[in-house]
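Shown next, in structure tokens, is the structure this report addresses.
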Amino acid sequence: SLSAHDDALRNSSILHRDVSVGNILIFEDDSGKRKGLLNDWELCKDLRITREAERMGTWQFISAALLQTPVGCHEPRDDFESFLHVLGWTALKFTHHAMGDGLLRHLLRNTYDDALFDDGRIQGGWGKRDAMADRSLSRAGFVPSTFCDVIIDFEDTCASRYVRTPDPDVVKEVSLMIESETNEKRKTIHMNNPEWTLHVKQSRLNSASWMIQRCNQALQSSDWPEDAVPRFEHKLPKNLYATDSNDVSTELEQTSRNEGSSSLSKPKRSRTTRKS
């Protein structure tokens with residue numbers, strides 16, 4: 001799915017804008033090999049065309065930055081962050097970790113369903129942002145494995161977006177030092193500079209290359225959890241965009257109890273637009 005997203009973005013400047021659990025399909029080819037398929041491109045956008053400022057996607061997986069902005073332009077790094085939220089939401093629901101049902105239910109609701117109405121507009125993202133800052137996924141107690149390492153790396157990278165911008169002068173200085181160094185130990189010391197480290201993490205979100213490379217690296221390992229474990233039924237609310245309600249928490253509870261909603265069903269998607 002990451003590769004498909006990257007191909008569309010690099011080759012055709014097409015941004016998907018709705019990376020979510022319902023739009024990532026896993027299937028087996030004729031050889032029995034499992035592959036991912038990125039589905040449902042109806043909200044995609046050609047970035048070569050003048051864009052309207054609009055927030056698109058499935059609420060639980062939209063980036064914290066977009067949720068906190070009533071109307072904003074969807075950027076590639078928003079989609080890359082959505083892949084983290086898909087991974088985190090799925091891992092919390094279907095893999096072994098140390099969280100009990102009560103704490104897990106609290107984390108899922110506060111992180112992915114967080115929403116409120118303010119001045120007639122729905123906003124959110126504070127839960128996601130706080131969860132990334134606290135490294136909630138990294139501290140969830142997943143079984144030590146390559147899978148756990150990927151979650152930690154993705155969370156650490158996406159969280160870097162919400163801290164300060166590194167000092168450009170220090171970044172430039174360290175970059176020149178690294179290029180000129182021949183001693184590996186000294187080079188490592190320079191690369192561990194806090195400003196440089198932050199710069200590297202933020203730069204990873206400029207394209208999907210790092211995420212794809214990290215996934216490919218992980219797939220080479222045999223250190224993966226053997227069994228998935230379905231937990232309590234945490235249903236995705238069908239509609240977080242109703243504008244006739246002043247109580248989003250009530251809306252969440254009502255929609256989560258709707259009959260016929262499956263654990264992977266998609267809520268209604270958002271389209272908040274402003275001409276630019």
Side-chain angles (χ1 to χ4, degrees), residues 1-10 16 19-39 60-61 77 79-101 103-104 107-108 111-112 128 131-132 134-161 184-185 187-188 191-192 197 200-234 262-264:
S1 297
L2 264 169
S3 296
H5 186 282
D6 185 50
D7 286 344
L9 187 58
R10 285 189 303 103
H16 188 277
V19 174
S20 63
V21 293
N23 289 339
I24 296 178
L25 309 179
I26 299 175
F27 68 98
E28 289 188 359
D29 61 17
D30 293 338
S31 66
K33 183 178 179 180
R34 291 184 178 181
K35 294 183 177 181
L37 175 68
L38 185 59
N39 190 35
Q60 284 75 13
F61 311 105
R77 60 181 177 170
D79 271 12
F80 303 146
E81 183 182 323
S82 291
F83 279 105
L84 164 69
H85 298 315
V86 169
L87 180 63
W89 186 90
T90 305
L92 287 170
K93 277 191 54 97
F94 298 109
T95 69
H96 291 279
H97 51 70
M99 301 181 72
D101 281 359
L103 185 58
L104 177 58
L107 179 61
L108 286 170
T111 301
Y112 302 103
K128 281 195 180 87
M132 286 187 286
D134 293 340
R135 302 300 193 272
S136 294
L137 292 175
S138 302
R139 298 190 293 110
F142 292 108
V143 176
S145 62
T146 297
F147 177 66
C148 177
D149 293 341
V150 170
I151 292 175
I152 291 173
D153 287 349
F154 274 30
E155 182 177 48
D156 197 40
T157 294
C158 290
S160 71
R161 177 182 181 184
E184 288 300 320
K185 184 176 181 179
K187 183 181 293 188
T188 300
M191 293 178 70
N192 287 333
T197 300
V200 169
K201 291 178 181 178
Q202 291 180 350
S203 297
R204 290 171 178 172
L205 296 174
N206 292 336
S207 74
S209 298
W210 176 80
M211 282 189 166
I212 293 173
Q213 182 180 14
R214 185 66 186 87
C215 288
N216 287 336
Q217 179 187 27
L219 290 172
Q220 301 305 311
S221 172
S222 59
D223 183 26
W224 284 77
E226 293 184 0
D227 300 316
V229 50
R231 298 179 178 275
F232 66 86
E233 187 77 357
H234 176 79
S262 71
S263 61
L264 292 181

Passing option when Lys201 is tested against Asp153, Thr157, Asp156 for side-chain hydrogen bond (donor to acceptor under 3.5 Å, both in side chains)
Asp156
Drop me the distance from Lys33's NZ to Glu28's CD, to the nearest 0.5 angstrom.
12.0 Å
Aromatic plane relationship, Phe61 with Trp89 - under 30° parallel, 30 to 60° tilted, over 60° perpendicular:
perpendicular
What's the shortest heavy-atom distance between Phe80 and Asn206, and which atoms?
CE1-C, 4.2 Å
Distance col, row Glu81:CD vs Arg161:CZ, nearest 0.5 angstrom, shows 5.5 Å
Test item: Leu219 and Thr146 side chains (from C-beta on) under 4.5 Å apart, heavy atoms
no
Would you please test Asp134 and Ser136 for side-chain hydrogen bond (donor to acceptor under 3.5 Å, both in side chains) and show each step?
CA-CA 5 Å; Asp134 293 340; Ser136 294; 4.9 Å; no
Could you tell me the separation between the CZ atom of Arg34 and the CD1 atom of Ile26, rounded to the nearest 0.5 Å?
7.5 Å
Please examine the side chains of Leu87 and Phe83, heavy atoms only from C-beta on, and report whether any two atoms are closer than 4.5 Å.
no
Donor-acceptor contact present, side-chain Ser145 to main-chain Val143, <3.5 Å:
yes
Which pair of non-hydrogen atoms, one from Ser1 and one from Gly36, has the smallest distance, and what is that distance?
OG-C, 3.9 Å
Are side-chain heavy atoms of Cys215 and Phe154 found at a separation under 4.5 Å?
yes
Would you say that Met211 contacts Cys158 through its side chain, given a criterion of any heavy-atom pair below 4.5 Å between the two side chains?
yes
Taking every non-hydrogen atom, the tightest pair across Thr111 and Lys128
O-CG, 3.2 Å
Report yes or no: does Asn192 contribute a side-chain atom to a donor-acceptor pair with the main-chain N or O of Thr188 at less than 3.5 Å?
yes
Is any side-chain heavy atom of Leu137 closer than 4.5 Å to one of Leu84?
yes
Check the orientation of His97 and Phe142. Use parallel for under 30°, tilted for 30 to 60°, and perpendicular for over 60°.
perpendicular
Scanning both residues in full, the closest heavy-atom pair of Arg135 with Ala159 reads NH1-CB, 3.3 Å
Heavy-atom closest contact (Asp223 atom, Pro144 atom, distance)
OD1-O, 4.3 Å
For Ala218 versus Val150, what's the shortest heavy-atom pair and its separation?
CB-CG2, 3.5 Å
With a 4.5 Å heavy-atom cut-off, do His85 and Met132 have their side chains touching?
yes
Backbone N/O of Asn39 and side chain of His16: donor-acceptor pair under 3.5 Å:
yes
Ion pair present between Arg10 and Asp6, side-chain N to carboxylate O less than 4.0 angstrom?
yes
With a 4.5 Å cut-off on side-chain heavy atoms, are Ile24 and Leu38 touching?
yes
